[in-house]
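Written below as structure tokens is the structure these notes are about.
Below, chain A is the first sequence line, B the second, and so on; all start at residue 1.
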Amino acid sequence: MALAKPDATDISNKQKIALAIGIIGLFILTLALFNTNFPNKGLFLTLALGLITLGTIIYSRDAYLTKLEGIKNDGVWFKSVSSRGIWGWIVGVILTTFYIVLYFYPKYLGLGTNGAENTGLISLFDPLSNLLSGRPASQWFVYGTLYTVAILAFGYKFILKYRHNRYQQLRTGSVMFFQLGFAFLIPEFMYVMNNDLPYYDLKSMWPLNYYIFDEWSVKGFLSNGNIGLALIVFGILSIFVISPILTYKYGKRWYCSWVCGCGGLAETAGDAFRQLSSKKMSAWKLERWLIHTVLVFSVVMTTAMIYTYLGYSKNDFWLTRGLFIALVIGFLSIVFAGVMFFKRQELGKDAKYGAIGFFIVIAVLLIMHFTGTTNHVFYIKGSTLRAAYGLYIGSIFSGVIGTGFYPILGNRSWCRFGCPMASILGFQQRLFSKFRITTNGGQCISCGNCSNSCEMGIDVRHYAQKGENIVRSSCVGCGICSAVCPRGVLKLENDSMEGRINPTEILLGNDVDLMDLVNKK
Amino acid sequence: MEHIVIIGNGISGVTAARHIRKLSDKKITVVSAETDYFFSRTALMYVYMGHMKFEHTQPYENWFWKKNRIELKKGYVKQVETESKTLHFAAGDTLKYDKLIIATGSKPNKFGWPGQDLEGVMGMYHKQDLESLEKYAPNNSICKRAVIVGGGLIGIELAEMLNSRNIPVTFLVREDSFWNGVLPEGESAMINRHIKNHHIDLRLGMNLKEIKADENGKVKSIIIQETGEEIDCDVVGLTAGVSPNIDFIKDSNIETGRGVKVNRYLETNSPDVYAIGDCAEQHEGINGRRPIEAVWYTGRMMGETLAQTICGNRIQYNPGHWFNSAKFLDIEYQTYGWVFSKPRENERHFHWKHEDDTKCITVCYDKNTNAFLGINTFGIRMRHETFDRWLTEKRDVDYVMNHLPEANFDPEFYSYFEAEILSVYNKQLQIV
Ligand SMILES: Cc1cc2nc3c(=O)[nH]c(=O)nc-3n(C[C@H](O)[C@H](O)[C@H](O)COP(=O)(O)OP(=O)(O)OC[C@H]3O[C@@H](n4cnc5c(N)ncnc54)[C@H](O)[C@@H]3O)c2cc1C
Ligand code: SF4
Ligand code: SF4
């Protein structure tokens, strides 16, 4: 339908002023980027970040507090920026460019190399970095600061937007806390306490934190006595013990929408773009191939990394290459056998793909073991493999595409298509978790608000209109589908595993005998 | 192969088609004059409000129909010939059927108001109505004010739609309180206040007298019957209820009343012709229901049921406990069982309202037997399954009030009001 778009620039004067304030803040950063040498960097940095935050705060207050509590989605598909209009593309291009420069050409941001002083944008952040950890800023410090400011300012906006919804407020408060504390401040303080320790964001676990088992990282930890050892043990525990327990009890949402930084940015700064994720069946198919491929890649890559450095240095360590490979294969086999034994039925057709995937991984690991030399696995240098992973997955996928393409692909395209962590948690959520989204009997009117606002591209309506609970590996439990449903059909909850998946043919409300007859066959 | 033709691609027709496909290999054709593909009528408002695009209202992707061998035909049926089992289309072509399902839904009521067919006057039912609203009320400089006539569920949705684009709305409601033919007094009064809090000019107890045109035949103002007041406006929304959309069969052999008359098997008087959804009229209402039930769920249930009959398992349409839901601007409403606006002879109501004036419940029970009969809930989500079970188990009202927390369906971390409700309930018992 040729919808004549209503006046989308229809914002109040106060909102215009707020926008202007924010833009001045951004402008200061832009000036710095183009090498304006500010006299008092501390002042101008404070001004820039302060104005951006202030602008966001004023804007949000005017947008939400002047209206009654409720769902505030009016016009999201009319506004250019949130509907892949011209502004959407402009923002997308700017973000993407920023990521490319950040990852590959930090010198244009002003990074001083070989001991030279920082210039440009990065130098503007020197005072803050010096204050926190006594060293000059790096491109990562700049990025981390902006990232944190974005989560805090837009988190505030999000909390106002959902001020009638405690679930939304609490989880947003939580990601704001974890970003500010765990990702931003604590690593800086850890550096102050012990500057040999590798950067470690405690909440970021393997495989999201793919570099934790890198040689330099492990060496860094191990050469730092008990604290280092404790950290690496914590790293291993968090992926093998803590995370499975929490995921069993609460679903993967405990991580993806309460703790994770990528999720945090997506839920706050990315909120305006959540409706852009594709709900097509074809997108779902692509998702399943892509995310599992990345998972396989990351398992193989990590194994190969550890494998290579276990090889040289005569190895006075009990963990030998052979033992290591055996452990990995053993672990994967136990998981695989367990799943096949307990959950064969639930998997249906997917069991076949799972099995194929499993045997490929095992085969690859064996090939690696029997063909690998000290430096080479699969006839390429181990470090090349790691570098490729870091480049294609760690940088291009998660940053450039994942965040840069917010206004085009939606705010969770990395979480959905690429994140190996999400894929592990999702696998568990699908099979061994108490979490589900319960559908309220026959109340669904198929309106599609839920699917529309699902950032993970889940066609929630597809289940709800059949009276089925939603048990999907990709669901990050953001709870927005439940919030926007005008008929109160969806509830995120943790309950017993039994009856969690409830396929129905005929919905509640119809003839009792008919429902029994048809649903029980 | 038997050819099943379904007129109407709304929820009832499409549900019937899907279930017939699940149960059989028959040839299925779905006919509609409105759109190429099934969409959710209940979501039309969200398109105008910019929450969704029209394509998002379509519950199935476009490939779904071919994959499931459900043929779609766009065209307006102007005549049904039951002897030769032929449909005649407005475009002149014809289609033969072996079995015919009439699922043509409703159309907005028009009560013969002067000026009701002027430009800028519209109902809010079909996709075409949405397009016309987009044309006459794209923003508040082209549409300086809109008047809505008729205070039902569609009327309030239309008010919310216009409000989302900052178009001032005058809302004429015939009754002296919003939807009080259905809602008990306390609830209806709460919604009145909620409407006004949204700066909608709610006029209770007012009827439309006439709609006046400007020199181009476009609406210019309306006159209120009771006061004679003239209100300038650019759009008039007629939302005074709907009635079955069956004019095209009035001169066939198929028996009609207000709707297409059907028996409990959803069969019409004419062999191999069935009717479901909004357009079907039962000879007598089932278990206290109305003969015509124009809601989404009943259309779906009739579709589910009729598919069985058509595929050889002839069964009656026998809906379970009544339920429904709606949303009044920001306040969600759900109902389970029967709660009438005024308690009937043997009934009593218990009403609780939260002090913030956006949440309340009304519980209806039998004052002699104490049997729980139904609940209306506003601003608190409740579990369909739990109430359905309690109604089947014929629980008494004390049991329900004491177990209310089990039925709570609000998102996690929401405040609970059940304890407060229970204490008010207990106090009230002492007074009675
Ligand atoms: C704005 C709005 C909001 C609503 N909200 C709710 C709600 O929240 N909850 C609820 O329970 N109900 C709601 N309803 C009611 C609900 O949408 C209807 O009960 C339901 O859509 C009826 O479905 P149906 O399949 O019987 O008919 P329809 O959906 O009306 O489909 C009939 C189709 O047949 C076509 N047709 C008619 N005659 C012919 C012909 N001669 N030739 C070819 N095609 C023809 C029509 O164009 C139409 O496409 C709402 C209705 C509206 C308009
Ligand atoms: S299904 Fe619902 S809770 Fe899960 S990711 Fe989608 S919108 Fe969020
Ligand atoms: S938002 Fe609610 S009513 Fe609408 S399709 Fe989703 S579950 Fe159904």
Query - Proximal to chain B - members of residues 482-494 of chain A, heavy-atom separation under 4.5 Å - result: S482(A), A483(A), C485(A), P486(A), R487(A), G488(A), V489(A), L490(A), K491(A), L492(A), E493(A), N494(A)
Query raised in the report: Taking R165(B) for the side chain and G75(A) for the main chain, is one N or O donor matched with an acceptor at less than 3.5 Å?
Result: no
Query raised in the report: When you measure from the side chain of T42(B) to the backbone N and O of I445(A), does any donor-acceptor pair fall under 3.5 Å?
Result: yes
Under 4.5 Å from any heavy atom of chain A - which part of [X]:
{"X": "W63(B)", "answer": "side chain"}
{"X": "H199(B)", "answer": "neither"}
{"X": "Y333(B)", "answer": "neither"}
{"X": "Q308(B)", "answer": "side chain"}
{"X": "D388(B)", "answer": "side chain"}
{"X": "E61(B)", "answer": "side chain"}
{"X": "F328(B)", "answer": "neither"}
{"X": "Y297(B)", "answer": "side chain"}
{"X": "D410(B)", "answer": "backbone"}
{"X": "R41(B)", "answer": "neither"}
{"X": "K22(B)", "answer": "side chain"}
{"X": "N140(B)", "answer": "neither"}

**Report entry** Residue pair Q465(A), Y60(B): steps toward the side-chain contact (heavy atoms from CB on, under 4.5 Å) verdict
**Finding:** CA-CA 11 Å; Q465(A) 68 187 355; Y60(B) 304 96; 3.7 Å; yes
Does [X], at its [atom1] atom, have more than 12 non-hydrogen atoms belonging to other residues, nucleotides or ligands within less than 6.0 Å?
{"X": "W87(A)", "atom1": "CH2", "result": "no"}
{"X": "D356(B)", "atom1": "CG", "result": "yes"}
{"X": "M497(A)", "atom1": "CE", "result": "yes"}
{"X": "Y250(A)", "atom1": "OH", "result": "no"}
{"X": "L65(A)", "atom1": "CG", "result": "yes"}

Query raised in the report: Could you go step by step and tell me if R253(A) and E412(B) meet the salt bridge (Lys or Arg N to Asp or Glu O under 4.0 Å) rule?
Result: CA-CA 13 Å; R253(A) 58 183 170 153; E412(B) 294 152 301; 2.8 Å; yes
Query raised in the report: Which residues in residues 379-387 of chain B have a heavy atom less than 4.5 Å from any heavy atom of chain A?
Result: R381(B), M382(B), R383(B), H384(B), E385(B)
Rounded to the nearest 0.5 Å, how far does [atom2] of [Y] lie from [atom1] of [X]?
{"X": "E304(B)", "Y": "L514(A)", "atom1": "CD", "atom2": "CG", "answer": "7.0 Å"}
{"X": "W77(A)", "Y": "F54(B)", "atom1": "CH2", "atom2": "CZ", "answer": "15.0 Å"}
{"X": "R461(A)", "Y": "T57(B)", "atom1": "CZ", "atom2": "OG1", "answer": "7.0 Å"}
{"X": "S446(A)", "Y": "F38(B)", "atom1": "OG", "atom2": "CZ", "answer": "5.5 Å"}
{"X": "S40(B)", "Y": "N449(A)", "atom1": "OG", "atom2": "CG", "answer": "9.5 Å"}
{"X": "M301(B)", "Y": "I506(A)", "atom1": "CE", "atom2": "CD1", "answer": "10.5 Å"}

Specify which of [options] makes the most heavy-atom pairs with chain A at under 4.5 Å.
{"options": "I315(B), I11(B), N324(B), N166(B)", "value": "N324(B)"}
{"options": "P59(B), S141(B), G320(B), S164(B)", "value": "P59(B)"}
{"options": "H321(B), K135(B), Q58(B)", "value": "Q58(B)"}

With a 4.5 angstrom heavy-atom cut-off, which part of [X] approaches chain B: side chain, backbone, both or neither?
{"X": "K279(A)", "answer": "backbone"}
{"X": "N452(A)", "answer": "side chain"}
{"X": "M515(A)", "answer": "neither"}
{"X": "S453(A)", "answer": "neither"}
{"X": "H164(A)", "answer": "both"}
{"X": "D513(A)", "answer": "neither"}
{"X": "L170(A)", "answer": "side chain"}
{"X": "Q168(A)", "answer": "neither"}

Looking at [options], which has the largest count of heavy-atom pairs under 4.5 Å with chain B?
{"options": "D459(A), N73(A), N510(A)", "value": "N510(A)"}
{"options": "L507(A), N440(A), D511(A)", "value": "N440(A)"}
{"options": "G479(A), G442(A), G70(A), S451(A)", "value": "G442(A)"}
{"options": "G509(A), G441(A), G448(A)", "value": "G509(A)"}

Requested in this report: Decide whether H51(B) and D74(A) meet the rule of one side-chain donor and one side-chain acceptor closer than 3.5 Å.
Outcome: yes
Requested in this report: Report the C-alpha separation of T392(B) and V512(A) in whole Å, then their side-chain angles, then the decisive distance to 0.1 Å, and conclude whether the side-chain contact (heavy atoms from CB on, under 4.5 Å) test is met.
Outcome: CA-CA 10 Å; T392(B) 304; V512(A) 195; 5.8 Å; no
Shortest non-hydrogen contact from [X] to [Y]?
{"X": "F409(B)", "Y": "T439(A)", "result": "CZ-C, 4.4 Å"}
{"X": "L68(A)", "Y": "N197(B)", "result": "CD1-CB, 3.8 Å"}
{"X": "Q443(A)", "Y": "S325(B)", "result": "OE1-OG, 3.0 Å"}
{"X": "R166(A)", "Y": "Y414(B)", "result": "N-CE1, 3.7 Å"}

Query raised in the report: How are the rings of Y167(A) and F413(B) set to each other: parallel, tilted or perpendicular (split at 30° and 60°)?
Result: parallel
Query raised in the report: Please walk me through it: do K327(B) and I71(A) pass side-chain contact (heavy atoms from CB on, under 4.5 Å)?
Result: CA-CA 12 Å; K327(B) 191 171 180 185; I71(A) 295 305; 4.1 Å; yes
